[in-house]
> 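Structure incoming, see below.
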2 protein chains.
Amino acid sequence: MQKAPRSRATGRVTLADVAQAAQVSPITASRALRGERAVDPELVARVQAAVERLGYVPDPAARALASRHGTQVALLVPALSNALFVDLLEAAQGTLARAGYQTLIGVTHYDAEEEEQLLRSQLLHRPAGILVSGFDRSERTRQLIAGSGVPCVHLMETSSAEGVYSVGLSQRDAGHAMTQHLLARGRRRIAFAAAQLDPRTMQRLEGWRDAMRDAGLHGPTLEWLNPAPSSLALGGVLFEQIVGQVPPVDAIFFCNDDLAQGALLCALRMGVPVPQRVAIAGFNDLTGSDQMVPPLTTVRTPRAEIGAEAAAMLLQLIRGETVTKRCIDLGFEIVVRAST
Amino acid sequence: MQKAPRSRATGRVTLADVAQAAQVSPITASRALRGERAVDPELVARVQAAVERLGYVPDPAARALASRHGTQVALLVPALSNALFVDLLEAAQGTLARAGYQTLIGVTHYDAEEEEQLLRSQLLHRPAGILVSGFDRSERTRQLIAGSGVPCVHLMETSSAEGVYSVGLSQRDAGHAMTQHLLARGRRRIAFAAAQLDPRTMQRLEGWRDAMRDAGLHGPTLEWLNPAPSSLALGGVLFEQIVGQVPPVDAIFFCNDDLAQGALLCALRMGVPVPQRVAIAGFNDLTGSDQMVPPLTTVRTPRAEIGAEAAAMLLQLIRGETVTKRCIDLGFEIVVRAST
DNA sequence: CTGAAAGCGCTTACAG
DNA sequence: CTGAAAGCGCTTACAG
């Protein structure tokens with residue numbers, strides 16, 4: 001009598017089972033399922049029928065080990081406390097999930113070192129693609145991405161550089177447009193107040209500077225840059241500081257809605273009439289901005305579309321399809337409400 | 001001359017390289033690294049030195065394929081638009097990352113069907129552990145978890161049931177305590193306003209009901225239950241409806257801060273004095289609640305601690321250690337501010 | 001267009 | 001306490 005094979009079988013239906021049922025070799029079954037190379041349509045049909053019948057689901061670990069890449073996509077965002085990135089993430093995750101890819105989420109906390117560590121550990125899982133926020137990262141992280149050979153799409157900002165894929169908007173132009181809006185409203189002394197000071201914020205600052213300079217109204221005392229993390233409370237603190245300035249400002253353009261909402265609440269507390277005494281504008285059109293008293297004028301950024309489009313572009317790259325439009329600019333919209 | 005081996009080597013340092021450098025077998029190297037069984041301390045030292053020297057990093061895909069479980073942990077949360085779950089996630093992810101585990105995040109959108117699909121696809125990756133929000137899920141999802149044999153810890157709620165692991169707080173008691181606070185403030189007609197109507201909200205409702213009944217003040221017209229997703233805007237809508245009720249309520253206990261913040265803003269718009277005309281209370285102490293006008297009285301839930309503790313408990317289960325305290329109640333705190 | 005063989009990098013089960 | 005063999009479930013590289 002033969003010794004029982006020492007089986008470690010997990011009980012799951014394997015590709016070998018499918019192949020046997022379809023009466024083809026495992027390789028053919030594999031190719032039929034992935035749509036790779038030309039396989040006789042009749043065999044493809046037999047394989048698919050067997051998959052259906054047996055309820056076969058590919059094993060991601062085995063696939064990742066055998067092939068260069070698995071079925072996960074690495075996504076790096078600065079923070080989840082900012083609703084912007086939650087929207088981005090959810091949209092990207094949705095598109096990727098529908099294509100059979102899982103999302104591996106890393107939160108960098110705006111820290112280049114942490115980003116590198118996260119990416120390193122994500123790379124171990126052989127992701128099929130990478131999604132990152134913006135272009136600002138350490139040289140080593142950049143090299144990790146390039147060296148991995150894994151396709152990568154950049155989110156939120158745009159770049160037409162060679163070999164770079166991006167879906168976003170011109171943060172500078174958006175900053176410029178909002179400043180134009182305030183100028184058109186007759187405001188002259190327009191302060192720019194920012195926190196966190198991440199690259200996108202600095203690009204908005206540039207837009208504000210250009211518009212102010214063109215109008216001959218720029219002055220360094222109008223710039224309020226605070227590297228602390230953004231929050232409603234900090235918005236209040238900044239507002240109190242700025243509104244006490246002499247000569248008085250007549251508008252404050254906050255680099256994001258968190259700050260602007262905090263400023264609006266602080267104005268309420270202080271009894272400073274908005275927009276009569278000072279106009280207030282924000283950025284991103286986050287939840288609640290339309291509920292403020294008065295409702296907040298802001299820049300609506302199409303982050304859900306950005307997340308979905310970027311994921312779609314990455315999917316193309318993963319499949320080896322040629323992407324003709326390497327840089328997609330989804331624009332922005334100035335949402336005028338009662339605060340300006 | 002021999003034919004060159006057809007190598008598919010990825011160039012990465014493998015366990016075999018480490019074993020060779022340390023002059024032990026790969027199995028011994030593997031055991032030394034995982035701390036499994038007793039290995040001669042001297043060999044362990046040699047292996048560790050080789051790991052150090054060669055910069056060896058284990059391949060998660062290979063490990064997942066060969067063993068029953070990989071180095072990822074599945075985490076299921078209802079929504080990321082609720083800051084509560086972002087805090088929970090970040091804390092859990094931090095603890096898991098420090099132990100070498102990656103987090104696989106699934107967002108269920110409060111949908112039992114979606115939860116099942118997400119879990120199913122996460123399970124394919126052979127997670128080492130599972131973290132889920134609360135106890136409310138479909139029977140099939142429950143069976144998927146049990147059938148997988150993967151350890152699971154429940155977040156946010158508590159249960160002392162046999163074989164169930166949970167870290168959270170008594171949502172019912174928290175609802176009861178906040179109602180007691182309002183009663184102690186002399187409020188009599190206290191409405192309970194809720195959205196989403198997830199299980200935790202319903203438990204808070206129970207706490208409110210018990211307190212109101214004990215005080216002989218409960219009435220069905222005081223219950224405002226709306227199944228729509230929670231938002232600032234909905235809070236405003238509910239506030240407007242409730243405040244117009246006859247006879248008038250003198251307090252509204254909202255099931256979460258989103259709603260309560262929206263109500264506070266709506267009160268400002270309508271010119272309804274809070275808390276003079278009506279007191280307002282929330283739940284969770286989300287960002288911004290302390291910045292409201294007036295600042296919001298709410299229940300602070302220790303979600304960061306819950307996330308960290310739950311992850312730590314899961315780690316113990318993964319390592320096969322015995323967990324004596326299967327149910328950890330981290331409590332809550334009534335944060336009294338000016339809105340009540 | 002199809003397949004037998006080998007291999008991805010680890011761990012399990014068995015034996016000593 | 002240690003190891004040679006086999007295997008996890010897939011895909012690559014080669015050959016026909």
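Within every chain, numbering begins at 1; the chains are lettered A, B, ... in the order of the sequence lines, protein sequences first and strands thereafter. These numbers come from a predicted model, not from an experiment.
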> Measure from CZ on B/Arg31 to C1' on C/dG9 and round the result to the nearest Å.
17 Å
> Compare side-chain N and O positions of B/Arg34 against OP1 and OP2 of C/dT11 and report whether any pair is under 4.0 Å apart.
yes
> So which nucleotide from C/dC10, D/dA4, D/dC10 ends up closest to the side chain of A/Ala66?
D/dC10
> Is the phosphate of C/dT11 approached by B/Ser30 (side-chain N or O, under 4.0 Å from OP1 or OP2)?
yes
> Please report, rounded to the nearest Å, how far the P atom of C/dT2 is from the CD atom of A/Glu42.
9 Å
> Please figure out whether B/Ser25 or A/Arg63 has its closest DNA chain D nucleotide nearer the 5' end.
B/Ser25
> How many Å lie between OH on A/Tyr56 and P on D/dG9, as a whole number?
10 Å
> Consider only side-chain N and O atoms of B/Thr71 and B/Gln102, and report whether a donor and an acceptor are under 3.5 Å apart.
no
> Rounded to the Å, how far apart are B/Leu33 CG and C/dT12 C1'?
17 Å
> Where the side chain of A/Arg326 meets the backbone of A/Ala161, is there a donor-acceptor pair that is under 3.5 Å apart?
yes
> Write out the stems for DNA chain D, ordered by first number and formatted as range with range, counting runs of at least 3 consecutive Watson-Crick or G-U wobble pairs under 3.5 Å.
C:1-3 with D:14-16, C:5-12 with D:5-12, C:14-16 with D:1-3
> What are the two closest heavy atoms between B/Arg142 and B/Arg137, and how far apart are they?
NH2-O, 2.6 Å
> Determine yes or no for a side-chain-to-main-chain donor-acceptor pair under 3.5 angstrom, with A/Asp111 supplying the side chain and A/Thr108 the backbone.
no
> Specify the separation, in whole Å, of atom NE2 of B/His69 and atom C1' of D/dG9.
17 Å
> OP1 or OP2 of C/dG3 less than 4.0 angstrom from a side-chain nitrogen or oxygen of A/Thr28, does that happen here?
yes
> Might you work through the side-chain contact (heavy atoms from CB on, under 4.5 Å) test for A/Val73 and A/Ile318, ending with a clear yes or no?
CA-CA 10 Å; A/Val73 165; A/Ile318 289 172; 4.2 Å; yes
> In whole Å, I'd like the distance from the CG atom of A/Leu65 to the P atom of C/dC10.
9 Å
> Round to a whole Å and report the spacing from CG of A/Leu124 to C1' of C/dG9.
13 Å
> Any idea which of C/dA4, D/dT11, C/dT12 is nearest the A/Ile27 side chain?
C/dA4
> Looking at B/Ile306 and B/Gly168, what are the two nearest heavy atoms and their distance?
CD1-CA, 3.8 Å
> Go through the steps to decide whether A/Glu115 and A/His109 satisfy the test side-chain hydrogen bond (donor to acceptor under 3.5 Å, both in side chains), and finish with yes or no.
CA-CA 8 Å; A/Glu115 181 176 53; A/His109 303 103; over 6 Å; no
> Which whole-number value in Å describes the distance from B/Leu15 CG to D/dG7 C1'?
16 Å
> Side chain of B/Val24 only, please: which of D/dG3, C/dG9, D/dT12 is the nearest?
D/dG3
